[in-house]
Amino acid sequence: MAQQSPASAELTTIPRLLARNAVRFGTKPAYREKEFGIWQSWSWAETADEIEALALGFLTLGVNPGDHIAIIGRNRPYLYWSMVAAQTVGAVPVPLYQDAVADEIAYVLDHCGARFVVVQDQEQVDKVLEIQDQLTTHLDHMVYLDPRGMRKYDHIHLTKLADLQDKGRAAKSELGAELAAREASHDYDDTCVMLYTSGTTGRPKGVVLSNRNIIETSKNSAEFDHLEPGDEVLAYLPMAWVGDFIFSIGQAYWTGFCVNCPESAETMQTDLREIGPTYYFAPPRVFEGQLTNVMIRMEDASRFKQWLFRVFMDHARKVGPALLDGKPVGTMDRLKYKLGEFMVYGPLKNTLGFSRVRVGYTAGEAIGPEIFDFYRSLAINLKQLYGQTEASVFITQQPDHEVRADTVGVPSPGVEIRIDDTGEVFYRSPGVFVEYFKNPDSTADTKDAEGWVATGDAGFIEEDTGHLRIIDRAKDVGKMADGSLFAPKYVENKLKFFPNILEVVVFGNGREMCTAFINIDLTAVGNWAERNNIAYSSYQELAGHPMVLETIQSHVEEVNVSVAADPMLAGCQVHRFLVLHKQLDADDGELTRTQKVRRRIIEEKYADLITALYDGSTTVSTETEVTYEDGRKGAIRATLELRDAKVVAPGERMAAE
């Protein structure tokens, strides 16, 4: 077995970290959850008692070491406790995405051979019951948290979670010794959790992460950002995502800070304001959405407030990041910024829920520089990290005072990085995954004998700063027909800065020019339509409105001017585009459950639209299959307008300069 690090010599499992926290931080809050509008808290000592009761309950069900226990639901303390209880009895927790459809759940349950499932409510119970007959492995028992609607179900293989805890408490005298023996037998290199990849290129893979992977990564990353027991985090991202596991279990149990669970997705923004987290993570899509809401509200504000916002935000963009990084700023600029803090920045941060954020991160996709700079101009310490499920999240992080929009930081503590001859980024670290479950070929393709892992991303390390810059997914970066660089994500992020653009997919690899699919943001564009007395009955109707198309065209042409200013990427200007008649959706296979674009599937599904963009057509009629929330299939038909956008020739760019 590999040598344990001195700092982790006795803290080699999550249950042992829990036992330490129950003693060291006994009465301090470990979890909060908002229910019926009221925040309820559990101390570390209470959390340890709840988890012990649940672990004993698992023993009464016959859970064996090595069994896989699937967990499906939104962020709730009891579901987090189910993961730790599973670890305590030697089982492997396998969290699934709450919004996964039945077929996706069937694949994961079958692949991992789960004997037990812990779910949130009736909806998840129904999903599992629907696919139970499709499984090649036997599902022994299901535990549910919310009893609403469950009274008339057959409870032979169904148990309410609270009842299971009661059974566990009643059996403590009988099973306590076995539970202690199982917990004591756990090793630093035993499996801690299995998390499934988002599946951008095919079926999700089960990533096996050990206690060493999670604890070493949590320790190193927490020390990097000086996380403390008094910190607060809001747990709202999918529990099946590795980032949530690291933040809400790994770092939380290592550091002892409090995990706060919102009441629902609908109340998340209100709950965020009430908690005021000091440590916050969100993917770019969340920050984009919050900025869109700010801009929509400002459009409805009085002229004076709009003027005030514009004046002080212009000043914030000029000096805010410099103040945040401790760089010299003139006295008058400092005074004006303080006035802006009182008039604009402070109230805005309070509305966003960011008043107390000490460390903020974004990752998962590249964030637009304009969006990134907007938040930092408010003195919000927003930084970027680069990570993967296979790395237990952290590959690089941005140190304080070295934060830029165009890099993802320096190697995280304990991480080594190298760039191969093709430009692909490789890394190795204590967080590198053990294996892909039941997939030795993919494991060997991804991780070599020396522990180096291929990221699939193209990038380079800056010689003067040591920061890593990611260009794009290695498989997405290509060449235009004229040999110029094709990097779609660069253009897509610039377009997504505009509040009324939600998603963009750019095409052009091997072609003479770039084209794009665009999704409008229904909230932002719908608000505009309402203010201008424009009636519409559906997303499709609004997306095809001539005034909407004109606005989107102006955004595309503005971005083309910006792209043309970069000699290396000037060939990526968008020549033609269309606004899609439907929003890209994970249920239709167009996005992953973490909202990443599945380019290959989109290229296949909308091949007729891509052909029309390149053959000079001005309109195209299409029919698209869609999946409704209840799983039924349907089709929508539309005739789309294809538009040409003005591009900036090299001569024009030089003249402008």
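The residues of the chain are indexed from 1 along the displayed sequence. The analysis underlying the following values was restricted to heavy atoms, covering all of them including side chains, and did not include hydrogens, waters or symmetry mates.
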Donor-acceptor pair between Tyr78 and Asp146 side chains, under 3.5 angstrom: no
Nearest-0.5 Å distance that lies between atom OG1 in Thr515 and atom CG in Leu578: 8.0 Å
For Asp231 and Val359, what are the C-alpha separation, side-chain angles and deciding distance, and is it a side chain to side chain contact (heavy atoms under 4.5 Å, CB included)? CA-CA 10 Å; Asp231 281 318; Val359 179; over 6 Å; no
Got Asn560 and Lys646 here, is their nearest side-chain heavy-atom distance under 4.5 Å? no
Do other residues, nucleotides or ligands put more than 12 heavy atoms under 6.0 Å from Arg273 CZ? yes
Quick one: sort the Phe517 and Tyr606 rings into parallel, tilted or perpendicular, breaks at 30° and 60°. perpendicular
Check Gly73 against Met239 and note the closest heavy-atom contact, atom names and distance. O-SD, 3.9 Å
Given side chain to side chain contact (heavy atoms under 4.5 Å, CB included), test Asn519 with Ile501 step by step and report yes or no. CA-CA 6 Å; Asn519 265 165; Ile501 294 180; over 6 Å; no
Answer yes or no: is there a side-chain heavy-atom contact under 4.5 Å between Leu272 and Pro262? no
When rounded to the nearest 0.5 angstrom, what distance separates OH in Tyr31 from SG in Cys258? 9.5 Å
Set out, in order, the CA-CA distance, both residues' side-chain angles and the distance that settles salt bridge (Lys or Arg N to Asp or Glu O under 4.0 Å) for Asp225 and Arg358, then state yes or no. CA-CA 9 Å; Asp225 282 310; Arg358 186 172 57 81; over 6 Å; no
For Leu385 and Val393 the tightest heavy-atom approach is CD1-CG1, 4.1 Å
Using salt bridge (Lys or Arg N to Asp or Glu O under 4.0 Å), reason through Arg285 and Glu288 one step at a time and then give a plain yes or no. CA-CA 5 Å; Arg285 183 180 288 263; Glu288 291 161 6; 5.8 Å; no
d(Leu584 CG, Ile602 CD1) to nearest 0.5 Å is 4.5 Å
Around atom CD of Glu530, are there more than 12 heavy atoms from other residues, nucleotides or ligands closer than 6.0 Å? no
Can you label the angle between the Phe247 ring and the Phe281 ring as parallel, tilted or perpendicular, going by 30° and 60°? tilted
Before you tell me yes or no, could you show the steps for Ser221 and Gln397 under side-chain hydrogen bond (donor to acceptor under 3.5 Å, both in side chains), namely the whole-Å CA-CA distance, both residues' side-chain angles and the distance that decides it to 0.1 Å? CA-CA 9 Å; Ser221 56; Gln397 294 170 264; 5.5 Å; no
Quick one: are Ile371 and Phe374 in side-chain contact, heavy atoms under 4.5 Å? no
Tell me the closest heavy-atom pair linking Trp39 and Asp271, and the distance in Å. CZ2-CB, 3.8 Å
Just by distance, do the side chain of Gln540 and the backbone of Lys582 share a donor-acceptor pair under 3.5 Å? no
Assess whether a salt bridge exists between Arg76 and Glu35, defined as any Lys/Arg side-chain N lying under 4.0 Å from an Asp/Glu carboxylate O. yes
Backbone N or O of Ile520 within a donor-acceptor pair of the Asn500 side chain at under 3.5 Å? no
Check the pair Glu492, Lys489 against salt bridge (Lys or Arg N to Asp or Glu O under 4.0 Å), reporting the backbone distance first and the verdict last. CA-CA 5 Å; Glu492 291 164 0; Lys489 185 56 67 178; 3.4 Å; yes
Counting only N and O atoms by type, is there a donor-acceptor contact under 3.5 Å from the side chain of Thr278 to the main-chain atoms of Glu232? yes
Aromatic rings Phe287 and Phe354: how do their planes relate, parallel, tilted or perpendicular, breaks at 30° and 60°? tilted
Over all atoms of both residues, closest heavy-atom pair of Val648 and Gln573: N-OE1, 2.7 Å
In this structure, CZ of Arg356 is separated from OH of Tyr279 (nearest 0.5 Å) by 15.5 Å
Hey, are the side chains of His555 and Thr551 touching, using non-hydrogen atoms and a 4.5 Å cut-off? yes
Output yes when a side-chain donor or acceptor of Gln553 lies under 3.5 Å from a complementary backbone atom of Asp644, and no otherwise. yes
Okay, side chain of Glu104, backbone of Val101: is any donor-acceptor separation there less than 3.5 Å? yes
Looking at Tyr536 and Ala543, would you say the former's side chain and the latter's main chain have a donor-acceptor pair under 3.5 Å? no
Is there a side-chain contact between Pro284 and Lys496 (heavy atoms, below 4.5 Å)? no
Have Asn381 and Asp400 got a donor and an acceptor in their side chains that come within less than 3.5 Å? yes
Are Val579 and Leu549 packed together at the side-chain level, in the sense that at least one heavy-atom pair is separated by less than 4.5 angstrom? yes
Could you check if a side-chain atom of Phe394 sits within less than 4.5 angstrom of a side-chain atom of Ile246, using non-hydrogen atoms only? yes
Donor-acceptor contact present, side-chain Glu263 to main-chain Phe36, <3.5 Å: yes
Hey, does Thr455 have a side-chain heavy atom less than 4.5 Å from the side chain of Tyr386? yes
Worked check of side chain to side chain contact (heavy atoms under 4.5 Å, CB included) between Val647 and Met513: CA-CA 10 Å; Val647 297; Met513 63 181 185; over 6 Å; no
Taking Glu541 for its side chain and Ser537 for its backbone only, find out whether a donor-acceptor pair lies under 3.5 Å. yes
State whether a side-chain donor-acceptor pair under 3.5 Å links Arg531 with Asn527. yes
Will you find, in the side chains of Gln269 and Gln290, an N or O donor that is under 3.5 Å from an N or O acceptor? yes
Using a strict threshold of under 4.0 Å (side-chain N to carboxylate O), is an ion pair present between Lys349 and Glu341? yes
Just by modelled atom types, is the Val408 backbone N or O under 3.5 Å from a matching donor or acceptor in the Thr396 side chain? yes
Interatomic distance, Glu641 atom CD to His545 atom NE2 [nearest 0.5 angstrom]: 12.0 Å
Side-chain (Arg334) to main-chain (Val329) donor-acceptor, under 3.5 angstrom: yes
For Glu590 versus Asp585, what's the shortest heavy-atom pair and its separation? OE1-N, 2.8 Å
Could you tell me if His581 and Thr622 have a donor-acceptor pair between their side chains, going purely by distance under 3.5 Å? no
Work out which heavy atom in Ala524 is nearest to a heavy atom in Pro499; give both atom names and the distance. CB-O, 3.4 Å
Name the atoms and distances for all side-chain donor-acceptor pairs under 3.5 Å in residues 307-325, with sequence neighbours left out.
{"from": "His315", "atom 1": "NE2", "to": "Asp333", "atom 2": "O", "distance (Å)": "2.9"}
{"from": "Asp325", "atom 1": "OD1", "to": "Arg376", "atom 2": "NH2", "distance (Å)": "2.7"}

Restricting to salt bridge (charged side-chain N to carboxylate O under 4.0 Å, His left out), what partner residues turn up for Asp121, sequence neighbours left out? none
Is there a donor in the side chain of Gln398 and an acceptor in the side chain of Glu402, or the other way round, less than 3.5 Å apart? no
salt_bridge(Glu274, Arg32) N-O dist < 4.0 Å: no
If you apply the rule side chain to side chain contact (heavy atoms under 4.5 Å, CB included), what do you find for Leu580 with Leu609, and how did you get there? CA-CA 9 Å; Leu580 279 172; Leu609 303 185; 3.8 Å; yes
Using a distance-only test with no angle check, is there a side-chain donor-acceptor pair under 3.5 angstrom linking Tyr280 and Tyr236? yes
